[in-house]
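Reviewing the structure listed below.
Indexing begins at 1, ligand by ligand and atom by atom, following the structure's order.
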Amino acid sequence: SGANYDVSLRPLGRDGVVLLSFNDVTEMAQAGQMRRDFVANVSHELRTPLTALMGFIETLQGPAREDTAARERFLEIMAKEAERMNRLVGELLSLSRVEAEERVRPDARIDLRDVLGATLRNLAPLAADSGVTLAPDLGDTPATVLGDADQLMQVFTNLIENAIKYGGRDKSVEVTAQIVAQDTAMRGPAVHVSVRDHGPGIDALHIPRLTERFYRVDSHRSRSLGGTGLGLAIVKHILNRHRGRMKVTSTPGEGAEFKVILPLEDSST
Ligand code: ADP
């Protein structure tokens, strides 16, 4: 389809200046469609746990009224469903906050190794519970970037959590930070942070779509692991704000690697 333009003339008062604005109607229509899809997805994602909750409430009010054992079991499931809704709402808020700030460049100088260290410490209990060994190698030179420490922590939390969740028990997750003096894509010095797991990996056809909101390779598996399908969408927006990139590579059956590339600041200035 060819470009479809909507040209409008708006007088700007004072000196009779006229502003010519071209809006690509095709793009606007697509944005509208995406918004509608998003609202439909959110409604569906919220309704699933809500329907379960309503069903259990009804059962507890009726047939299971006197059954203490059933009541305990149902309450446990209800707590899980409520937690899922809570997590979803939390991630939706996080996504909208990140999107709102996307055009504002973060300006704090931070050593990415500190962010990675803090993230790994936070995730140690989850890794231990999951029987996963975290194997960091963060190098011994500072990796100074201009960033928002909380948001960068969110990026690595999401990636490492996924590696733990999808990587499987008794496997290791390697987290490395490496400085690249001249990164061709970044046109300058950069830091490469790699999160690698040894799980089932991801089929190539899914990789380009992973950062879409609510995109899941295996939605049953994601849901049973408590996933919302928003984690990588949040990662993408935070990286955009930091002029960063993400590269995903995977050999199905052997694991996946999520590599984050961020432009490096000169640490000597
Ligand atoms: P979720 O909350 O479902 O984990 P994400 O946005 O974090 O959502 O990830 C999107 C999907 O990408 C997941 O549902 C999963 O199918 C897939 N995925 C992400 N990380 C990995 C990984 N390390 N190994 C295999 N699949 C992964």
- Query: Taking C-beta and beyond as the side chain, do L60 and R71 meet within less than 4.5 Å on heavy atoms?
  - Reply: yes
- Query: For ligand 1, what is the set of protein residues having any non-hydrogen atom at a distance below 4.0 Å?
  - Reply: N162, K165, Y166, D197, G201, I202, L210, Y215, R216, V217, D218, S222, G227, T228, G229, L230, G231, L232, F258
- Mind checking what makes side chain to side chain donor-acceptor pair (under 3.5 Å) contact with R105, not counting sequence neighbours? none
- Using the side chain to side chain donor-acceptor pair (under 3.5 Å) rule, take D37 and Q33 through it: C-alpha gap first, then chi angles, then the decisive distance, then the call. CA-CA 6 Å; D37 288 349; Q33 184 59 47; 3.0 Å; yes
- For E101 and H237, test the side chains for any donor-to-acceptor distance below 3.5 angstrom and give the result as yes or no. no
- Task: Check whether any side-chain heavy atom of R213 lies under 4.5 Å from a side-chain heavy atom of N41, and answer yes or no.
- Result: no
- Answer yes or no: does atom CZ of R196 have more than 12 heavy-atom neighbours from other residues, nucleotides or ligands under 6.0 Å? no
